[in-house]
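Below is one structure; the comments refer to it alone.
This chain uses plain numbering: 1 for the first residue, then up along the sequence. The analysis underlying the following values was restricted to heavy atoms, covering all of them including side chains, and did not include hydrogens, waters or symmetry mates.
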Amino acid sequence: MNQIEKRIENIVEVLDSKKAENIEIFNLAGANYMADVVIIANSLGGKHTFALQDYLKEALKPKGESFLYIDLSDDWLVVDLGDIIIHVMSEEYREKYNIEEFLNELLAKKEKK
């Protein structure tokens, strides 16, 4: 397992163990996107979103992750780790913004190359 795969595994493990739902991983390396990997998950609501941010920091900082940017509201958490971006959203926001559609379009363009 390479370094980025281990990092992804660590992130997914935290999200899964803390009850995040519908976790998806998008490998965008070579897709001309700002990050190589995007991880999307659902939170159970506002307090859960805030708690997931804390859990991610507590678990990942000791493993050497650098949190370059965090944007947090009740409905959406964005964590920028440089080459990995994590989105944790309420179910309503995830349906509304449908980031998966955009990311899948990027993946389709990448595969055509």
Side-chain angles (χ1 to χ4, degrees):
M1 179 180 301
N2 68 30
Q3 183 65 23
I4 198 156
E5 290 170 341
K6 182 63 178 161
R7 293 171 61 212
I8 293 166
E9 182 180 276
N10 291 337
I11 293 164
V12 170
E13 183 178 300
V14 172
L15 293 172
D16 187 52
S17 71
K18 299 303 181 184
K19 309 293 187 231
E21 299 177 338
N22 301 323
I23 301 167
E24 286 190 66
I25 301 163
F26 295 84
N27 182 348
L28 299 167
N32 200 22
Y33 189 64
M34 68 180 106
D36 291 338
V37 176
V38 176
I39 299 171
I40 303 175
N42 286 10
S43 71
L44 301 174
K47 289 181 181 179
H48 188 228
T49 305
F50 282 85
L52 286 169
Q53 174 207 223
D54 292 337
Y55 294 136
L56 287 166
K57 282 178 161 178
E58 289 170 11
L60 301 177
K61 279 189 174 185
K63 294 181 180 186
E65 289 291 353
S66 296
F67 287 67
L68 303 178
Y69 180 77
I70 296 174
D71 192 3
L72 177 63
S73 73
D74 285 348
D75 292 301
W76 200 335
L77 164 65
V78 179
V79 178
D80 183 351
L81 301 174
D83 54 352
I84 299 174
I85 295 177
I86 306 166
H87 292 276
V88 178
M89 295 178 258
S90 66
E91 187 173 346
E92 296 80 24
Y93 265 54
R94 189 161 176 183
E95 288 175 14
K96 179 179 179 179
Y97 290 100
N98 194 11
I99 294 174
E100 293 92 336
E101 182 178 341
F102 169 72
L103 296 174
N104 280 320
E105 287 174 12
L106 284 176
L107 287 172
K109 287 179 186 176
K110 172 186 153 184
E111 290 171 7
K112 285 183 182 178
K113 289 183 179 178

Interatomic spacing from [atom1] in [X] to [atom2] in [Y] - rounded to 0.5 Å:
X      : Y      : atom1 : atom2 : answer
Ile39  : Ile25  : CD1   : CD1   : 5.5 Å
Lys19  : Ser43  : NZ    : OG    : 14.5 Å
Lys110 : Glu105 : NZ    : CD    : 15.5 Å

Close side-chain approach of [X] and [Y], heavy atoms under 4.5 Å:
X     : Y      : answer
Tyr55 : Glu58  : yes
Arg7  : Asp83  : yes
Leu81 : Ile11  : yes
Ile99 : Met89  : yes
Phe26 : Phe102 : no
Leu28 : Leu107 : yes
Leu77 : Ile86  : no
Leu56 : Leu15  : yes

Donor-acceptor check, side chain of [X] to backbone of [Y], threshold 3.5 angstrom: yes or no?
X     : Y     : value
His48 : Ser90 : no
Asp16 : Val12 : no
Lys6  : Met1  : no
Thr49 : Asp74 : yes

Over all heavy atoms of both residues, which pair between [X] and [Y] is shortest? Give the atoms and the distance, please.
X     : Y     : value
Ala41 : Ala20 : CB-CB, 4.0 Å
Ala59 : Val14 : CB-CG2, 3.4 Å
Pro62 : Lys57 : CD-O, 3.9 Å

May I ask whether [X] and [Y] are part of the same hydrophobic cluster, defined by side-chain heavy atoms of I, L, V, M, F, W, Y residues being less than 4.5 angstrom apart, directly or through others?
X     : Y      : value
Ile40 : Ile70  : no
Ile84 : Leu103 : no
Leu60 : Phe50  : yes
Ile4  : Leu106 : no
Val78 : Met34  : yes

statement: Which of Arg94, Glu21, Glu92, Glu95 passes side chain to side chain donor-acceptor pair (under 3.5 Å) with Asn42? Answer is Arg94
task: May I ask you to decide if the ring planes of Trp76 and Tyr93 are parallel, tilted or perpendicular, using 30° and 60° as cut-offs?
output: perpendicular
